[in-house]
2 protein chains.
Amino acid sequence: MSDINLNSLKSLLIFKTLYETGTATRTARDLGITQSGVSRSLAQLEENIGIALFMRHKKRLIALPEADELYGEILGLLSNLENMKHSIVALREFGASRIRIACAPALGFAYVPKTIARILSDNPKYSVYLDIMPSPEVVRAVEAGYFDVGFVTLPVTSQALVVDELIATEAVCLMPRNHSLAKASVITTEDLKGQHLVIPNQPNLAADQLLLHLSEKNIRIAGKTEANIAAICSLVANGVGITLINPITAYDHQATRDDLLIKPFKPAFHYRFGLVYKQNWANNRLIGLLKEMLPELPDHLVAERLKD
Amino acid sequence: MSDINLNSLKSLLIFKTLYETGTATRTARDLGITQSGVSRSLAQLEENIGIALFMRHKKRLIALPEADELYGEILGLLSNLENMKHSIVALREFGASRIRIACAPALGFAYVPKTIARILSDNPKYSVYLDIMPSPEVVRAVEAGYFDVGFVTLPVTSQALVVDELIATEAVCLMPRNHSLAKASVITTEDLKGQHLVIPNQPNLAADQLLLHLSEKNIRIAGKTEANIAAICSLVANGVGITLINPITAYDHQATRDDLLIKPFKPAFHYRFGLVYKQNWANNRLIGLLKEMLPELPDHLVAERLKD
DNA sequence: TTATTTGATGATTTATAGTCATGTTATAAC
DNA sequence: GTTATAACATGACTATAAATCATCAAATAA
C-alpha cells in the first residue's frame with residue numbers, strides 16, 4: 001500500500017490513453033488489447049499508487065482531479081522516455097557519440113583539432129571534449145577515466161591501457177626565413193655551433209637527446225631559450241634562435257605564417273606519437289575514426305618502418 | 001530487433017546499479033535479487049535495445065562507452081520517475097494540489113483571494129489559478145472544464161454542475177461619509193428619492209429588483225451611473241452617488257478606505273453566493289478547504305436561514 | 001593445488017498481465 | 001415498454017515474462 005511500484009510503464013500508458021480517450025473500450029481498441037485488460041490495469045494502478053483516479057459513475061469513467069495531475073506528470077515522463085529511445089536508436093546506429101580526448105601539446109594545437117574537424121564534418125552527431133596536457137598527464141587522465149582516449153608522445157608505460165602507435169617522424173629544424181642557415185639543404189649538429197637554441201620547457205626525449213649529442217660532440221651553442229611548445233615557433237619567427245622540433249608542430253605553424261623555414265636535420269631524432277585508451281574502447285567506432293581520419297603527413301616525414 | 005520495448009523499468013534499474021557497482025553479484029545483493037537474475041536482465045536489455053553495453057572479459061563485466069551514455073540517459077529518466085513518485089505520494093497525502101478557480105467579481109477582488117491566502121498559508125503545497133469573470137461565464141467555464149470550481153452569484157441553472165450555496169446576505173447601502181443620509185440608521189427605498197444611484201453594469205438580480213421596486217413605488221431618482229463593480233466604490237467615495245451593493249464587496253472596500261459608510265437597507269434585497277463544480281470534484285479536499293476557510297461574515301449580514 | 005569469486009545457462013517455478021465469457025447498469029431507438 | 005447498444009466490472013483461465021535454483025566454467029587469490 002505504501003510503496004509505489006512503477007516497474008510497469010504499460011499501466012501508465014494505458015492510463016494516459018484512457019485519460020485521453022475517456023473510455024476504456026476505446027482505449028482498448030487504440031492499444032490493441034481488450035476492454036477488460038484496460039479495466040484491470042486501471043484498477044491495479046489505482047491500487048498500486050493508492051489513489052482513486054477515475055470515478056465510476058453510471059458505468060462511465062470520469063477523471064478525478066488527481067487524474068488530471070497524474071496525467072501531467074506522465075506526459076513529462078513519457079516524453080523523457082521517448083527521448084531516451086531516440087538516444088538509444090542513435091547509440092545503436094552510431095555507437096557512443098561522446099568522446100573525451102586528452103592530447104599532448106605537440107598534436108593538440110592543430111593536428112588533432114584538424115582530425116576532429118574532419119570527423120565532425122562527416123558525423124555531426126558526435127560530441128567531443130578536448131584538452132591539452134603533457135603526455136604523462138594524458139596517460140594518468142585516461143587511466144583514471146577522466147578521458148576516454150589520449151594522444152601521447154611515445155613511449156609510454158602503462159599496463160592498464162592499450163597503446164597504438166600512430167606516427168613516427170624525425171625532428172626537423174625550424175628557423176626564420178632570413179636566417180644565416182637558410183640556404184643549407186640539411187642542418188647537422190655541427191651547424192648548431194654558436195647558435196641560440198629554442199627548446200621546449202617540457203621534458204622531451206628529442207630535446208634531451210639533442211643536448212646530450214651536442215655535449216658528446218663538444219659543440220658549444222650560444223645560448224638557449226626554453227619555452228612552452230605553443231610559443232616556440234613565435235620565438236623562432238621573431239629571430240630569437242632556431243629550434244629542433246617535431247615536424248607536425250613545425251608544419252602546423254609554418255602553414256599559418258610565411259616567415260618560417262623547415263629544414264631536415266641529421267642525425268635523426270625520432271618522435272613517435274600514439275593513442276592510448278582502455279581495453280573497453282578497443283572496438284569503438286570513434287577510436288577507429290580518430291585513427292582513420294588523421295591528416296596525411298608529407299611522405300618524407302614518415303619514418304621508414306611505418307611507410308608500408 | 002528494431003523496436004525498443006521499455007515497458008520494464010526494472011531492467012533499467014538493474015543496469016544502473018550494475019554500472020555503479022561494477023559486478024553483477026554486488027548488484028544482485030544490493031537489489032535483493034539473484035545474480036542470475038541480473039545476468040539475465042542485462043542480456044535481455046542488450047538484446048532488447050540492440051546494443052552491447054558491457055564487455056565480458058575474463059569473467060568480468062566491463063562497461064563499454066555505450067553504457068556510459070546510456071547511464072547518463074537513465075539517470076535523467078530515473079530522477080524524473082522519482083519526482084513522479086513524490087508527486088504521487090503528495091497526491092495521495094493531500095489530494096489534487098492544483099485548482100483553477102473562476103470567480104464572480106463580487107467575491108473576486110478580496111473575499112476569495114483572502115480565502116486562498118488562508119488555505120495557502122496552511123498548505124503551501126497547493127497551486128491556485130484564479131480568474132474573475134461574470135457569473136454566467138463562470139458557469140460555462142467550469143462546465144467546459146477550463147476551471148475546476150467557480151464562485152457564482154446564485155441562482156445558476158446547470159444540470160451538469162453541483163451547486164453549493166455558501167452565503168446568503170442582504171444588500172447594503174454604501175455612501176460617502178459626508179453624505180446627507182449619513183445620519184440615518186437604516187436606508188429605505190423612500191430615501192433614494194432624488195439621489196444619484198451608482199449600480200453595477202453587469203446584469204444583476206439585486207439591482208434589477210431595486211429598479212423594479214423603485215418604479216413600482218413610483219420613486220424618482222436623480223440619475224444613475226452604471227459601472228464595473230470594481231469601480232463602484234471609488235465612484236461612491238468620490239461623491240458621484242450612493243449604491244446598493246452586496247455587503248461583501250462593501251466591507252471589502254470599506255476596509256481599505258475611511259471615506260465610506262455602510263448602512264442597512266430595507267426592504268431586503270437578497271444576494272446569494274455559491275460554489276459550482278463538476279461531480280467528480282465532489283469529495284475533493286481543496287473544495288472542502290474552500291468552503292471551510294471562507295472568512296466569517298459579520299453576524300448581522302448573514303441571512304437568517306443560513307445562520308444555524 | 002585448493003578455495004573463492006565471478007558471470008553464464010538449462011530447467012523450473014512464480015508472478016504478472018492479459019483474455020474469454022459473462023454480468024450489470026445505463027442510454028438510445030423503436 | 002421493449003429491445004438494442006454500449007459501457008465497465010469480474011471470476012476463471014492462460015500465456016508470457018521474470019526470477020530462482022542448481023550447476024558450470026573461468027579467473028584469481030591463498
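Letters go in sequence order (proteins before strands), and every chain restarts at 1.
Shown here are the side chain to side chain contact (heavy atoms under 4.5 Å, CB included) partners of N80(B), two or more places apart in sequence or in another chain: L77(A), N80(A). Among residues two or more places apart in sequence or in another chain, the salt bridge (Lys or Arg N to Asp or Glu O under 4.0 Å) test is passed with E46(B) by R56(B). Among residues two or more places apart in sequence or in another chain, the ring-ring contact (aromatic ring centres under 6.0 Å, His included) test is passed with Y126(A) by none. In terms of the side chain to side chain donor-acceptor pair (under 3.5 Å) criterion, residue partners of T34(B) (sequence neighbours excluded) are, by chain and number, S36(B). For K59(A), there are no salt bridge (Lys or Arg N to Asp or Glu O under 4.0 Å) partners, not counting sequence neighbours. K16(A) meets the salt bridge (Lys or Arg N to Asp or Glu O under 4.0 Å) test with E20(A); sequence neighbours excluded. In this view, S11(A) and S8(A), S41(A), L45(A) satisfy the side chain to side chain contact (heavy atoms under 4.5 Å, CB included) rule, not counting sequence neighbours.
Counting 5' to 3', DNA chain C first comes under 4.0 angstrom of a heavy atom of chain A and last does so at the ends given by dA17(C) to dT27(C).
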Using a cut-off of 4.0 Å between protein heavy atoms and nucleotide atoms, how would you tag nucleotides 17-30 of chain D 5' to 3' with B, S and -?
-SSBB---BBSS--
Under 3.5 Å, which donor-acceptor pairs do the side chains of residues 82-89 of chain A form with other protein atoms, sequence neighbours left out?
unit_1	atom_1	unit_2	atom_2	d
S87(A)	OG	N83(A)	O	3.1
S87(A)	OG	E73(B)	OE1	3.3
S87(A)	OG	E73(B)	OE2	2.9

Can you give the donor-acceptor pairs under 3.5 Å from side chains of residues 134-151 of chain B to other protein atoms, not counting sequence neighbours?
unit_1	atom_1	unit_2	atom_2	d
S135(B)	OG	T153(B)	N	2.8
S135(B)	OG	T153(B)	OG1	3.1
E143(B)	OE2	S158(B)	OG	2.5
D148(B)	OD1	R100(B)	NE	3.4
D148(B)	OD1	R100(B)	NH2	2.7
D148(B)	OD2	R100(B)	N	2.8
D148(B)	OD2	R100(B)	NE	3.2

Go through it in stages, so that I can follow the logic: the residues are E66(A) and N284(B), the test is side-chain contact (heavy atoms from CB on, under 4.5 Å), and I'd like the CA-CA distance, side-chain angles, deciding distance and then a yes or no.
CA-CA 9 Å; E66(A) 284 80 2; N284(B) 184 262; 3.9 Å; yes
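For the contact set between residues 18-29 of chain B and DNA chain C, defined by any heavy atom under 4.0 Å, the members are T23(B), A24(B), T25(B).
Applying the 4.0 Å criterion to OP1 and OP2 of dC8(D), one finds that S39(A) has every side-chain N and O outside that range.
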